[in-house]
Amino acid sequence: MKKETKTIENITITIERKNIKNMYMRILPPNGEVKVSAPLFLSDNEINNFIKSKKDWILKKQKYIQENNIKAPLKYDNGEKHNVWGKEYELCLIKNDSVKHVLIDEEKSMIYLPVPKRSTIEKRKKILDEFYRQEMKKAIPPVLDKCTKIVGRTPSEVKIRKMKNWGNCRYHDKRITLNLNLAKKDPICLEYVMIHELCHLIEFNHGKKFKKLMDKFCPNWKEIKKRLNE
Ligand SMILES: [Zn+2]
């Protein structure tokens with residue numbers, strides 16, 4: 001396999017020569033990097049002409065990636081950045097069967113993830129998600145205690161789940177469900193979502209009454225909500 005980088009029409013392109021039949025082009029997030037896989041028999045000229053003919057399409061794709069802040073898909077690999085309670089850490093895989101717990105080094109901002117010697121992205125994601133679940137389990141009781149005192153309502157139980165919304169409250173059985181990903185956000189966000197869901201034990205919908213309750217129990221909720229959805 002031969003790899004080279006060149007600039008055609010002001011676009012930087014990485015070309016990989018492979019034993020394939022057709023030419024492929026990909027525009028990759030987050031920077032709109034252009035990667036071309038070309039058959040071995042194709043001449044440089046043919047590749048150049050192909051890029052030139054696709055220029056408008058490439059620029060359009062790059063603009064879309066940039067404007068929509070499209071991120072590269074996570075690989076859960078060494079050096080990747082992951083957040084825990086609003087702080088960014090660099091991921092470091094420990095391929096070691098004796099270490100079982102995720103370790104955090106606050107000083108170096110590193111998160112050490114114990115993984116099997118050979119692991120898939122899905123497996124590593126699962127291990128990290130389990131760590132987030134444990135973090136949520138530790139964080140919830142004191143926050144629940146504080147927030148029930150503020151709001152004056154108590155849920156029947158609090159569950160943790162991967163879900164679309166940050167939280168959910170079932171009025172009929174008073175069960176609160178919290179999004180697992182809250183463990184990635186600043187701790188104040190967990191408190192805000194907890195108060196929000198507890199307020200649903202007083203007021204079902206998000207109308208004027210509800211907002212008044214939020215203003216009373218969590219005066220800067222609008223600012224926290226913004227931070228949560230960043
Ligand atoms: Zn709500």
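For ligands, and for the atoms within them, numbers begin at 1 and follow the listed sequence. Keep in mind the model is a prediction, meaning the values are calculated, not measured.
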request  = Using a strict cut-off of less than 4.0 Å between a Lys/Arg side-chain nitrogen and an Asp/Glu carboxylate oxygen, indicate whether E223 and R227 qualify as a salt bridge.
outcome  = yes
ask   = At distances under 2.8 Å, what protein N, O or S atoms surround the Zn ion (ligand 1)?
value = H196 NE2, H200 NE2, H206 NE2
ask   = Looking at K87 and E106, does any basic side-chain N land under 4.0 Å from a carboxylate oxygen?
value = yes
query = Thinking salt bridges, do K138 and E135 make one under a 4.0 Å N-O criterion?
reply = yes
ask   = Quick one: do K212 and D215 make a salt bridge, cutoff under 4.0 Å?
value = no
query = Is the closest basic N to carboxylate O distance between E9 and K55 below 4.0 Å?
reply = yes
remark   = By ring pair (Phe, Tyr, Trp, His ring centres under 6.0 Å), H200 pairs with (sequence neighbours left out) H196, H206, F210
